[in-house]
Amino acid sequence: MSTIAQKRGFASTVWDYLTTVDHKKIAILYLIAGGFFFLLGGIEAMLIRIQLAVPNNDFVSAGFFNELLTMHGTTMIFLAAMPLLLGFMNAIMPLQIGARDVAFPFINALGFWLFFFGGLFLNLSWFLGGAPDAGWTSYASLSLASEGHGIDFYALGLQISGFGTLMGGINFLVTIINMRAPGMTYMRMPLFTWTTFVASALILFAFPPLTVSIFMLMFDRLFGANFFNVAAGGNTIIWEHFFWIFGHPEVYILILPAFGIFSEIFSTFSRKRLFGYSSMVFATVLIGFLGFMVWAHHMFTVGLGPVANAIFAVATMAIAVPTGIKIFNWLLTMWGGSIQFTVPMIYAVAFIPSFVAGGVTGIMQGAAPADYQYHDTYFIVAHFHYVIVGGVVLALLAGTHFYWPKMFGTMLSEKIGKFTFFFFFVGFHLTFFIQHFLGLMGMPRRVWTFLPGQGLDTGNLVSSIGAAFMFVGIVSLLVNIVITSVKNEKVGNDPWGDGRTLEWAIASPPPFYNFKQLPLVRGLDPYWLEKMEGKQTLTPAEPIGDIHMPNGSFVPFVISLGLFIAAFGAMYQIDDKAWAIPVLIGGLVITFGAMAYRSIKDDHGFHIHKEDLIDENDDKGVKA
Amino acid sequence: MKDRLTKWRLLSVFAVLTLVLSGCGEPFLSALTPAGEVAQIQYDLMILSTVIMIAVIIAVTVIFVIAITRFRRKKGEENKIPKQVEGSHLLEIIWTVIPIILLLILAVPTVTATFHLADVKEMDKKPNKDGVRDALVVNVRASLYWWEFEYPDYKVITSQDLVVPTDQKVYFNLIASDVKHSFWIPAAGGKLDTNTDNVNKFWLTFDSQKSEEAGNLFYGKCAELCGPSHALMDFKVETKSQDDFKQWLNAMQTAKEVTPTDTAAAEGQKIFEQSCLSCHAVSPQDARPEQARLAPNLATFGERARIAGVLEHNEEELKNWIRDPEKYKPGNKMTNTYKQLNEQELDQLAAYLMSLKVEDK
Amino acid sequence: MEAEEKYTPQTWPESPERATLEGKNKFLGFWLFLGGETVLFASLFATYIALKDKVPSPEHALAKDLYELPLVFVMTMLLLTSSLTSVYAMYHMKNFNFKKMQLWLLITVILGLGFLGCEIYEFNHYYHEYNHTFTSSAFSSAFYTLVGFHGAHVIFGLSWLVLVMVRNAKRGLNLYTAPKFYLASLYWHFIDVVWVFIFTVVYLMGMVG
């Protein structure tokens with residue numbers, strides 16, 4: 001990518017990315033922005049672990065610590081894990097179903113820019129009077145009591161980026177339903193596509209409750225409403241319900257695509273089709289469905305009463321069944337295969353014990369009375385890091401190595417990759433395993449410091465040492481990316497040699513129109529089927545013809561920028577700043593003006609002509 | 001890969017060893033050393049679920065280890081194409097049904113315990129003619145960053161140190177006065193949130209023998225993020241035998257205002273009345289409504305286990321605390337609500353506060 | 001199929017809003033969006049039900065003191081009629097009768113404006129007569145947020161209808177513009193359906209206590 005950039009000049013590349021509607025470039029934008037926020041969240045985590053390495057530490061102040069823990073959680077969930085997964089979905093899913101683009105390229109770009117400006121807004125809080133400090137859950141009584149603008153940054157930033165995610169979700173759903181290549185039936189879709197589909201459906205139904213609750217928080221804080229003000233008849237538990245009605249499916253929004261990535265990797269590097277494909281699909285859908293039925297298990301100690309607690313306890317345990325199905329199917333995929341331990345496969349193999357550990361503690365928490373002990377302690381911290389780091393982050397790292405050649409046309413170093421894995425994996429277990437016991441031994445979560453003489457010293461020190469290991473691992477990944485990009489050794493269509501799905505049949509990186517001829521899909525793992533018949537290319541489903549492509553547009557950027565500006569106005573109007581209301585209105589005018597402009601102007605896209613496609617036969621990919 | 005795995009195993013052994021060395025935590029704090037019926041039920045449930053889960057883990061581990069060792073691609077197998085297996089209905093059924101059975105085994109005691117632990121019918125029984133119920137009820141009120149314990153049937157109030165009898169059920173009414181907190185005594189049982197909206201109710205017991213092992217003093221914690229000093233919102237639970245507890249209640253009910261004997265403390269009382277009394281009460285029979293009780297009741301201050309919940313109980317730390325509360329509990333509501341005191345005044349005030357006791361010891 | 005191709009009533013397809021891939025995508029995407037909107041309103045309804053009549057002091061007006069059925073009945077009729085007129089508009093769109101479609105859309109917009117006028121009057125009335133303001137209680141916050149969100153949807157829906165009518169006044173009907181009309185009208189239906197629920201849950205249930 002770097003050589004092309006130099007050839008075309010830096011400014012024009014930037015402009016290209018600011019206006020792009022190509023799903024592959026949007027994927028790269030997600031990867032860069034998500035990666036950046038991931039590093040930020042990681043630095044916040046390191047500061048947290050330094051503070052907690054020894055008792056009575058005062059490395060950071062109490063108030064700053066609460067900002068750190070809030071921003072660590074919020075950043076990692078909303079601005080790192082989800083966008084990075086959206087990045088892979090963008091890069092790979094359309095290729096896997098044999099589509100030339102997503103259903104709504106414009107909205108795809110809009111989704112990215114909304115996420116980006118929302119995340120930027122949230123992080124500007126560090127420089128503008130302090131970050132949010134009520135935890136990523138921002139429970140209402142504390143988030144109303146919190147002084148300064150921290151929580152306002154949280155509410156407005158998440159609102160903006162949430163709209164972006166919602167649009168991304170709708171876009172993927174329509175893409176998968178309407179844009180599959182001929183022969184690509186639902187039950188032939190690769191598992192990553194399936195998990196993208198279910199995760200997108202979860203986004204569609206889980207984000208509106210968050211939107212509503214954030215609106216209420218915003219109205220309470222900024223416009224004098226009383227939703228959560230108990231003195232005026234309000235109720236703070238409403239926030240908890242809405243937050244978790246969103247929050248629990250959110251966990252599955254993250255983990256399902258991770259499952260998808262691992263499913264692809266297991267089957268590729270075992271050289272075997274996925275064991276029990278249809279029950280894997282069934283399990284995915286079932287997990288997505290059950291994900292909406294269990295939110296109150298985050299609220300066992302709120303005092304909802306034994307009936308609610310018992311129902312949600314049993315429902316929670318039920319989720320273990322489809323998850324177990326998945327684990328066993330992955331194991332049986334490897335069974336009888338020919339396993340090649342590449343870096344992505346090492347991550348996938350390491351994922352199984354890590355995720356099982358996180359899963360079983362999840363079931364333990366499902367036992368409501370026992371959860372009265374676990375709740376809000378380091379046991380919970382250990383559990384969700386086992387699930388999210390051991391599941392989602394390992395999948396992101398595995399996916400980075402696995403799909404890097406497809407996205408950039410060059411392989412990440414396997415040697416450095418193994419180094420990264422080693423440090424990250426060891427550090428991960430060192431950090432979080434012991435936290436289970438810290439929690440059981442009486443350490444609440446979200447504590448700024450702890451007193452000596454409570455038996456918590458050793459465990460915390462071990463945990464902090466582990467965090468340092470993880471940090472080394474991530475730094476080595478960055479080194480790997482730099483070295484790889486500088487070397488830039490080009491690879492062919494199927495660099496791993498065992499690719500099974502459609503994306504591995506086309507150039508790396510693919511040309512901007514993806515498929516010159518839409519492929520005819522004749523079964524699960526279509527590229528593998530063709531290879532087994534001795535062919536190197538896909539069976540086309542159509543003759544070479546003109547291809548219709550959308551025009552790039554700067555409007556998504558402008559729409560998002562308008563909301564970004566308006567958010568400052570909304571926030572500072574309570575300080576009676578004279579400029580605030582004009583800024584609020586100005587920002588909204590920019591946004592709605594840009595939307596109207598988009599709506600009024602005709603934009604029919606353009607065509608790539610048949611003749612050009614035939615000419616490009618030899619050097620496809622370079623132009624992209 | 002293989003040597004990596006061994007290394008990892010070594011490290012995990014190391015981690016487990018560290019754990020063994022540090023034991024199961026301290027008996028006054030750890031949920032792993034249950035000191036009452038509630039904690040015991042929860043502990044048993046933990047053990048049951050852990051055992052079931054270990055069975056699952058063993059099954060996964062066995063298949064996992066065999067799969068990744070037996071089916072690695074060896075030299076000379078570069079072109080081997082394994083059989084493309086579609087799946088197996090039998091296996092799918094097995095690993096659907098067995099987990100369901102295991103979960104049912106776990107679900108039954110879970111549901112039973114959920115209802116058992118939420119049974120607070122005793123609290124609503126009619127009081128006798130003196131207004132005293134058979135059940136011992138304590139009203140807990142959480143505020144930034146301190147705890148108030150009211151014994152409504154006996155009309156006495158204390159703060160920071162909860163006093164409870166052993167071997168009998170103690171019922172709690174929980175509420176928060178500013179933001180949400182959560183009431184947790186790990187060794188005695190799981191937590192319950194103190195909401196701002198409504199009163200939550202539950203019960204705990206304290207086993208006499210286990211209490212003795214823990215030195216008759218358990219640690220209590222706030223378990224819900226409530227602000228900068230959330231980590232420091234500790235309280236203590238002092239356990240007494242049922243007879244001693246009755247005596248203590250009696251002493252609380254009959255306690256007269258302390259009249260200092262030495263001059264320093266007498267001077268301190270004057271300072272207290274000027275600077276502190278508007279928020280802090282010194283009588284356990286504080287009849288004002290809870291909105292007026294802005295700060296911890298100090299009637300038993302001389303008998304407390306800690307100062308401000310976290311500092312050693314001695315005059316030096318007390319003076320440090322009064323000098324600059326912000327340093328020890330950032331964000332507390334006491335800072336800057338009283339005039340600056342000089343060293344002599346601090347000495348006098350400390351002498352007075354330390355003399356505040358209800359039991360003659 | 002070229003999006004801007006000229007059509008006659010004879011060649012005009014059966015479902016013009018779904019005749020192109022873009023149209024099909026928009027059609028499905030918009031239905032999904034409405035699914036999300038449904039959850040959004042469901043959350044607002046849940047909040048309203050939880051906070052109904054939750055006020056700080058007994059002087060504060062409650063639901064049964066506030067609502068006046070005649071006005072709300074008129075509003076409901078206006079909106080339901082506008083739903084019917086937008087059905088007529090789509091009927092003419094499918095028959096490739098651009099002029100009549102525009103006419104019925106115009107009637108829809110006028111009815112919608114009438115509804116909006118009533119709503120502004122209603123809010124104003126509560127504000128001045130009962131001191132029932134956005135900030136006066138949890139109940140009032142929940143009421144204005146739910147009904148106000150719907151009102152904002154009405155405003156957006158009206159602006160959208162006007163925008164597509166104006167922008168396509170010269171262009172007429174083709175496979176590029178047909179989905180635009182269709183979606184705007186679909187959105188309008190959705191707004192009407194939400195109002196039916198508001199009428200029932202807020203006003204009717206509010207009257208009976």
Side-chain angles (χ1 to χ4, degrees), chain A residues 62-63 66 135 139 141-142 145 230 235-237 271-273 275-276 279 301-303 306 309-310 313-314 317 320-321 324-325 328 331 334-341 349 352 356 360 364 367-370 372-373 376 422 426 433-434 437 440-442 444 446-449 454-455 458 462, chain B residues 1 4 8 11 15 18-19 22 25-26 29-32 42 45-46 49 53 57 60 63-64 67-68 71-73 77 80 82 84-85 87 92 95-96 99-100 103 106-107 110-111 113-115 117-118 179-180 182 186 190-193 196-197 200 221 223-226 228-229 231 310 330:
Chain A
N66 286 356
Y139 275 11
S141 60
L142 180 60
V230 177
N235 185 323
T236 60
I237 311 295
R271 243 183 220 169
K272 222 168 134 257
R273 66 173 272 166
F275 190 87
S279 60
T301 67
V302 170
N309 281 1
V314 175
M317 292 178 188
V321 177
I325 293 177
F328 285 110
L331 291 175
M334 292 194 286
W335 193 280
S338 170
I339 305 173
Q340 187 190 8
F341 284 102
V349 165
I352 287 193
V356 167
V360 296
M364 289 167 71
Y372 301 162
Q373 285 285 19
D376 263 344
F422 174 77
V426 169
F433 188 72
I434 202 147
F437 294 90
L440 293 173
M441 280 151 54
R446 292 168 165 173
V447 288
W448 156 59
T449 186
Q454 302 185 101
T458 327
V462 170
Chain B
M1 181 61 205
R4 301 260 145 80
W8 177 71
L11 273 165
T18 349
L19 275 177
S22 61
E26 305 289 351
L29 178 64
S30 175
L32 299 174
Q42 292 165 340
L45 206 51
M46 284 181 205
S49 55
M53 290 309 134
I57 288 176
V60 172
I63 306 174
F64 177 76
I68 63 170
F71 300 106
R72 342 179 18 157
R73 193 174 303 171
E77 289 184 345
K80 181 183 154 192
Q84 303 291 307
V85 189
E92 300 289 348
W95 58 56
T96 308
I100 290 179
L103 290 173
L106 182 59
T110 297
V111 173
T114 306
F115 282 93
L117 297 186
V179 303
K180 186 182 168 103
S182 189
K191 60 195 72 61
L192 190 60
D193 293 353
T196 50
D197 314 75
N200 274 338
K221 302 261 176 194
E224 180 67 52
L225 179 64
C226 53
S229 283
V310 287

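Under the 4.5 Å side-chain criterion, counting only non-hydrogen atoms from C-beta, A/Q373 is not in contact with B/L45. Residues B/M46 and A/L440 have side chains in contact (heavy-atom distance under 4.5 Å, counting atoms from C-beta outward). B/R73 is listed as a side-chain neighbour of A/R271, based on a closest heavy-atom distance under 4.5 Å. In this structure, the side chains of B/L192 and A/Y372 stay at 4.5 Å or more apart for every pair of heavy atoms. A/M334 has its side chain within reach of B/I68: a pair of non-hydrogen atoms, C-beta onward, lies under 4.5 Å apart. In this structure, the side chains of A/T301 and B/E224 stay at 4.5 Å or more apart for every pair of heavy atoms. Counting heavy atoms from C-beta on, the side chains of B/L106 and A/M317 come closer than 4.5 Å. The side-chain heavy atoms of B/F115 and A/N309, taken from C-beta on, include no pair separated by under 4.5 Å.
The two atoms that bring A/V321 and B/P99 nearest to each other are CG2-CB, 4.5 Å, heavy atoms only. Contact between B/A67 and A/I339 at its shortest, heavy atoms only, is O-CD1, 3.5 Å. Heavy-atom minimum distance, A/P369 versus B/A113: CG-CB, 3.6 Å. Closest non-hydrogen pair, B/N200 versus A/G303, comes out as OD1-CA, 3.6 Å. In plain terms, the two heavy atoms of A/V230 and B/T196 that are nearest each other are CG2-OG1, 3.6 Å. When all heavy atoms of B/V60 and A/V356 are compared, the closest pair comes out as CG1-CG2, 4.1 Å.
For chain B, the nearby part of A/Y139 is the side chain; its heavy atoms alone come within less than 4.5 Å. The contact between B/E92 and chain A is made entirely by side chain atoms (from C-beta outward), counting heavy-atom distances below 4.5 Å. For a residue to count as touching a neighbouring chain, one of its non-hydrogen atoms must lie under 4.5 Å from one of that chain's; by this rule A/N66 touches chain B with the side chain only. Residue B/L117 touches chain A through its side chain alone, counting heavy-atom pairs closer than 4.5 Å. For A/V302, the parts lying under 4.5 angstrom from a heavy atom of chain B are both the backbone and the side chain. A/A313 touches chain B through its side chain: at least one heavy atom from C-beta onward sits under 4.5 Å away, while N, CA, C and O do not. In this structure, the portion of B/A118 lying under 4.5 Å from any heavy atom of chain A is its side chain and not its backbone.
Aromatic ring pairs are classed by plane angle as parallel below 30°, tilted from 30° to 60° and perpendicular above 60°; the pair B/F71 and A/W335 is tilted.
A/P444 is linked by a side-chain contact (heavy atoms from CB on, under 4.5 Å) to A/V447, B/W184, B/K221, counting only residues two or more places apart in sequence or in another chain. Residues forming a salt bridge (Lys or Arg N to Asp or Glu O under 4.0 Å) with A/K272 (at least two apart in sequence, or on another chain): none.
Ranked by heavy-atom pairs under 4.5 Å with chain B, the first of A/S338, A/A62, A/A370, A/A310 is A/S338. Chain A forms more heavy-atom pairs under 4.5 Å with one residue of B/K191, B/Q42, B/M53 than with any other, namely B/K191. Of the listed residues B/I63, B/I57, B/V111, B/T96, the one with more heavy-atom pairs under 4.5 angstrom with chain A than any other is B/I63. Ranked by heavy-atom pairs under 4.5 Å with chain B, the first of A/I352, A/D376, A/I237 is A/D376. Ranking B/V179, B/V310, B/D197 against chain A, the residue ahead of the rest is B/D197, based on heavy-atom pairs under 4.5 Å.
Remark: side-chain polar atoms of B/T114 are not paired, donor with acceptor, to backbone N or O of A/P306 under 3.5 angstrom.
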